[in-house]
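To start, the structure under review is shown below, and the notes come after it.
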Amino acid sequence: MSQATLIDGKAIAAGLRSWIGEQIAQLTSKHGLKPGLAVVLVGEDPASQVYVRSKRKTAVKLGMESFEHTLPADVDQQTVLALVQQLNDDPKVHGILVQLPLPAHLDDKPVILAIDPLKDADGLHPENAGRLMAGETGMVSCTPLGCQLLLRRQIGDMTGKDAVVIGRSLLFGKPMAQLLLSENCTVTTAHSRTADLAGHCRRADILVAAVGRPEMVKADWVKPGAVVIDVGINRLPGDGDKDRLVGDVDFDAVSSVASAITPVPGGVGPMTIACLMFNALRAVRLQNGLEDVALPTSF
Ligand code: NAP
């Protein structure tokens, strides 16, 4: 049985980061501008701490200013909102990302609504979600943007392809479906109430899984030759005290059916951070009246 091509998100993200680094160097030398990215972390969730550290390291490496704000887990809603307002008002901050999920006593909706849509580095504000749906310029959520780039590089023209996205979250499933529509795919969004999920998946030329259930997508759910993007990050107990990361797709089995597949880790994850940097680059340009930049496919 033939093996699927591995879609190397790590290498593609490295290429994208170096393109972004060049763009920032030009922006700084030509216009004296340095993108500023602020990340807000509430609490001490170890996985979120790892993401935030990695975002800061990448931002600094690419020549951005990184502002990290850590609030205690028991912080009240007003304090979080006040911090977002302070970042909205800070001219050195061009992009704001509030690391989700927030602790259970906080409501993330008013926090997202409080972010200035121009500084909304993760494209979660309803204004940006609406702009994406309307086909207007706006900030687009980083993870689906990264998946779109992986698919463009793997497939090229996606016109007429049947695409199935499993998951309908604001953060991923909904914007991913919109991006696939913009690529002229015929899109099905599946979720926990979908009847005959496996049957829907079997019709997909492009199958994107963002569920949060370890290895849920089995080989007999996948159309031979499909391109499979695994967004899921699930931590399972591994050897010793180290967790083992697995996706939402049964990688080994699906690899013998699909034509191409992303690994976990090393697939979608690195693209998310690279696309956050891309959004910060766009944000500083748009806030300073400079021409917008499109996500490059070759670099
Ligand atoms: P989420 O908000 O929990 O959404 C999960 C979605 O999966 C929901 O729409 C849910 O349906 C659906 N679902 C749950 N159980 C299902 C089932 N048995 N069959 C079909 N659909 C089911 O999660 P998310 O934020 O979208 O993230 C999804 C996964 O992607 C997680 O593992 C997360 O860690 C990962 N992720 C990775 C990155 C990255 O950078 N690689 C970024 C973001 C997220 P309902 O709407 O009906 O409940």
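Bear in mind that the values here come from a model prediction, so they are computed numbers and not experimental data. Whatever order the structure lists ligands and atoms in, that order sets their numbers, starting from 1.
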Any carboxylate oxygen within less than 4.0 angstrom of a Lys/Arg side-chain nitrogen, looking at Lys34 and Glu65?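 Looking at Lys34 and Glu65, the cut-off is not met.
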Pair Arg285 + Asp292: basic N to acidic O under 4.0 Å: no
Distance filter under 4.0 Å to [X] heavy atoms, resulting ligand 1 atoms:
X      : value
Val211 : 5 (C), 7 (O), 13 (N), 14 (C), 15 (N), 16 (C), 22 (C), 28 (C), 29 (C)
Val268 : 41 (N)
Leu197 : 19 (N), 20 (C)
Gly167 : 6 (C), 7 (O), 9 (O)
Thr272 : 39 (C), 40 (O)
Gly212 : 29 (C), 31 (C), 32 (O)
Ile166 : 20 (C), 21 (N)
Gly269 : 40 (O), 41 (N)

Shortest protein contact, [atom] (heavy atom only):
atom                    : answer
atom 25 (O) of ligand 1 : Leu171 CD2, 3.8 Å
atom 8 (C) of ligand 1  : Arg168 N, 4.0 Å
atom 34 (O) of ligand 1 : Ile233 O, 3.6 Å
atom 24 (P) of ligand 1 : Ser169 OG, 3.7 Å
atom 30 (O) of ligand 1 : Val231 O, 3.5 Å
atom 15 (N) of ligand 1 : Arg213 NE, 3.1 Å

Considering all protein heavy atoms, does one lie under 4.0 Å from atom 2 (O) of ligand 1?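 Yes, there is a protein heavy atom closer to it than 4.0 Å.
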Is_contact(atom 41 (N) of ligand 1), protein non-hydrogen, under 4.0 Å: yes
For a side chain to side chain donor-acceptor pair (under 3.5 Å) check, start with the C-alpha distance between Asp76 and Thr79, then their side-chain angles and the critical distance, and finish with the verdict. CA-CA 6 Å; Asp76 59 62; Thr79 307; 2.8 Å; yes
Candidate pair Lys55 and Gln99, rule side chain to side chain donor-acceptor pair (under 3.5 Å), full reasoning: CA-CA 11 Å; Lys55 284 165 185 170; Gln99 186 70 41; 2.7 Å; yes
Is there side-chain contact between Leu132 and Leu179, with heavy atoms separated by less than 4.5 Å? yes
Full working for side chain to side chain contact (heavy atoms under 4.5 Å, CB included) between Ile206 and Val164: CA-CA 6 Å; Ile206 297 168; Val164 172; over 6 Å; no
What are the two closest heavy atoms between Asp230 and Gly247, and how far apart are they? OD2-CA, 3.2 Å
Check the pair Ile166 / Asp248 against side chain to side chain contact (heavy atoms under 4.5 Å, CB included), numbers first and verdict last. CA-CA 10 Å; Ile166 320 177; Asp248 290 341; over 6 Å; no
Side chain, backbone, both or neither: which part of Met271 has a heavy atom under 4.0 Å from ligand 1? neither
Region of Thr143 that comes within reach of ligand 1 [heavy atoms, distance under 4.0 Å]: side chain
For atom 11 (O) of ligand 1, which of the options Ala210, Ser192, Ser141 provides the nearest non-hydrogen atom? Ser192
Salt bridge (charged side-chain N to carboxylate O under 4.0 Å, His left out) for Arg152 and Glu183? Distances and angles first, verdict last. CA-CA 9 Å; Arg152 278 190 182 164; Glu183 297 283 350; 2.7 Å; yes
Please step through side chain to side chain donor-acceptor pair (under 3.5 Å) for the pair Asp45 and Gln49, ending with a clear verdict. CA-CA 6 Å; Asp45 175 59; Gln49 283 176 331; over 6 Å; no
For Asp89 and Gln85, does a side-chain donor sit closer than 3.5 Å to a side-chain acceptor?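 Indeed, the side chains of Asp89 and Gln85 share at least one donor-acceptor pair under 3.5 Å.
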